[in-house]
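Step one of this worksheet: look at the structure below.
Quantities reported herein were computed from a predicted structural model and do not represent experimental measurements.
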Amino acid sequence: MDKISLLAALIPALPFAAFLAAAAFARRRPAGAAAVSIAGTAAAFVLSCAVLCSELASPAVHAAGAEWLQLAFVNLHMGVLVNQLTALMLFIVTLVSLLVQIYSLGYMRGDAGFSRFFSFLSLFTFSMLGIVVADNLIQLYIFWELVGLSSYLLIGFWYDRPAAAAAAKKAFVVNRVGDFGFLLGILLLARAAGTFDFSGVASFAASGALPAARVTLIALLLFCGVLGKSAQFPLHVWLPDAMEGPTPVSALIHAATMVAAGVFMLARLFPVFSASPEAMSVIAGVGGFTAVFAASIALVQDDIKRILAYSTLSQLGYMVMAMGAGAYTAGIFHLAMHAFFKALLFLGAGSVIHAVHTNDIWKTGGLHRKMPVTSLTMLAASLAISGIFPFSGFWSKDEIFSALKAGGHTYLYFAAVSAAFMTAFYMFRLYFVVFSGEPGESSRHAHEPPVVMTAPLVVLAFFSVFAGLAALPHTHGIASFIFYGQPERAGLSLPIALTSSTVALSGIALAWLVYVRKAVPAAALRAASGPLYYLLKNKYYVDELYLFFVRNVFFALTAAIRWFDRNVVDGAVRLSGLAVRRSGDGLRRTVSGTVQSYALTVFGGMAVILLASAWMHPALFGFGGPLK
């Protein structure tokens, strides 16, 4: 095992050790649990920086592992795979996780489950890092499910609240639906390729050994995992409800960890997906639809965290759409930029909630004067997600727009531009309502949170402003670092950049006119939208449709299964028991304890045997033929 592989193996091990230690401290020393959790993640971040610097200096693939199990058709290994994609993701996950944990020192202070919270955060970080360094499908799936478990624990952290407990169960169940398809895809792919290793399945997919229909089936089944983890339509319904967890959890889940796992898996298995043009079209279509669908819902939400949750759904749609359109670099670039500005937005929202004790944006207002650091950092994040030059989101969104335009994906391009307009509008709707104007009923006593909460905001604001410049150092920028083989990049197009900037500025201007200048009263805008407002407010009634299905179709199906189980399966068991009991009752009557009865039975039996023998073999008894 070389040095880089060893570091990659240690990176997830450190948060796991911190999880065990924090769990041990849980009851006796809450401060110790937080300290060891942060120390473990900080050490993992330092090692991740070392891996990233090594890959920047000399890009190479490092792999190491050991045999785990021998099966009939394949051998399983446990190991690590380090390349440019791994290095970038290690840096992002450990940085965001570290900042979230530091922020949580202030946000969760005084909570009864303080130490338990930090132990869960370490478990979550370990699980996500395990996905990043995994070198085969089975290992990835194991950590994939651990991420699901960790999210269940964190979303339902305040389990005494019925809404939080229900949200955790909803996230767990919805993800199981997607993960079932994902597992089927893994098994079919490994059966065909004869290996679970990423390098092996990539070579097999490129060889064209499988029929096109089989490749498409496998790719779509694998994509089911993306639908669940990255919350793409129609398995998006768990993500907004996940807001019931503590706000630092929302930042961790919605930024660089759980929801990014699906896009990361698309990138890791990109050779498999790209082997099927049909599957790529489906992936791009689902991503484009989700981007517009979720952005439209965010336009009318009033809960600050739910606005950001639907924003996450929309931005994930951008990434999935880019990957489906073949723009590998653009999708990963936007994933990286999104990690910074979305984590900042959620932590900024947490600072607002911490100060005003409400999630309702209409009960806030005028917070810029009272919380200038929070206001300015959230402004930077809002400009970044809106795609304003020169903030990070401008570079990554324009990569996607350019790739869609260059690839001839006209409908997807217009979907992306439409979502960009809505993104700029709803983000500055949130910003203007919360930070401008007169203080609301909950804002009068608001104040800036402690430095342990504002410092992570400043760090993330730095990346939100400057991280996009990673595309600039030389001809291909991030493309030559992140893409395997020949760098893929559409490049910055001035007409597209001007178009996207105009669209984003138009969205911001409309939000300013409605919520600051009040040239168009919000109530009048709502009235003019008519039924559309209620359609968006109720999230297109998708949750109600699912609930209808569960209460009617699913319950009818389960009732039929229950009847079959009780009457057929259990009935067969009861029938066999009844037959044994009745035969036993009959045999019991033959045991009377009377010697004469036994003698009669013996001699009667002998007579029957003799008569049967004489009938079958008359010559033995001196008869010439059968008895008549």
Tyr107-Ser351 side chain donor-acceptor pair, cut-off 3.5 Å:
no

What distance do Ile385 atom CD1 and Tyr318 atom OH have between them, rounded to the nearest 0.5 Å?
9.5 Å

Which word best sums up how the rings of Phe118 and Phe114 line up, parallel for under 30°, tilted for 30 to 60°, or perpendicular for over 60°?
tilted

Taking Thr125 for its side chain and Leu121 for its backbone only, find out whether a donor-acceptor pair lies under 3.5 Å.
yes

Any idea how Phe463 and Phe340 line up, ring-wise: parallel (<30°), tilted (30 to 60°), or perpendicular (>60°)?
parallel

Using a 3.5 Å distance criterion without hydrogens, assess whether the side chain of Ser375 forms a donor-acceptor pair with backbone atoms of Met371.
no

Derivation and outcome, salt bridge (Lys or Arg N to Asp or Glu O under 4.0 Å), residues Arg306 and Asp360
CA-CA 10 Å; Arg306 285 186 179 268; Asp360 190 340; over 6 Å; no

So, do Thr312 and Lys342 sit near enough that their side-chain heavy atoms are less than 4.5 Å apart?
yes

Return yes if a side-chain donor-acceptor contact under 3.5 Å exists between Tyr540 and Ser296, otherwise no.
yes

Looking at Tyr152, I'd like to know if its OH atom is crowded, meaning that more than 12 non-hydrogen atoms belonging to other residues, nucleotides or ligands lie closer than 6.0 Å.
no

Under 3.5 Å, is there a donor on one side chain and an acceptor on the other for Glu448 and Thr454?
no

What's the spacing between Phe481 CZ and Ile332 CD1 if we round to 0.5 Å?
11.5 Å

For the pair Phe341 and His338, name the ring-plane relationship: parallel under 30°, tilted 30 to 60°, perpendicular over 60°.
perpendicular

Hey, what's the ring geometry for Phe157 with Phe120, parallel, tilted or perpendicular (30° and 60° as the breaks)?
perpendicular

side-chain contact (heavy atoms from CB on, under 4.5 Å), paired with Lys537, selected from Leu299, Ile297, Asp302
Asp302

Please check if any side-chain donor atom of His334 sits under 3.5 Å from a side-chain acceptor atom of Glu399, or the reverse.
no

Between CZ of Phe91 and CG of Leu52, what distance do you get to the nearest 0.5 Å?
6.5 Å

Would you confirm whether Ser230, through its side chain, and Val259, through its main-chain N or O, come within 3.5 Å as a donor-acceptor pair?
yes

Okay, side chain of Ser311, backbone of Ile307: is any donor-acceptor separation there less than 3.5 Å?
no

Would you call the rings of Phe289 and Phe293 parallel, tilted or perpendicular, where under 30° means parallel and over 60° means perpendicular?
parallel

Are any side-chain N or O atoms of Thr41 and backbone N or O atoms of Ile38, one a donor and one an acceptor, separated by less than 3.5 Å?
no

Check: Met378 and Phe435 side chains under 4.5 Å, non-hydrogen atoms:
yes

Between Ser501 (side chain) and Leu498 (backbone), is there a donor-acceptor pair under 3.5 Å?
no

Supply the atom-to-atom distance Leu88 CG to Phe333 CZ, rounded to the nearest 0.5 angstrom.
10.0 Å

About how many Å separate CG of Leu505 and CZ of Phe389, when rounded to the nearest 0.5 Å?
12.5 Å

List the steps, then state whether side chain to side chain contact (heavy atoms under 4.5 Å, CB included) holds for Phe124 with Leu153.
CA-CA 9 Å; Phe124 196 110; Leu153 296 173; over 6 Å; no

How long is the gap from CZ on Phe117 to CG on Leu154, to the nearest 0.5 Å?
6.5 Å

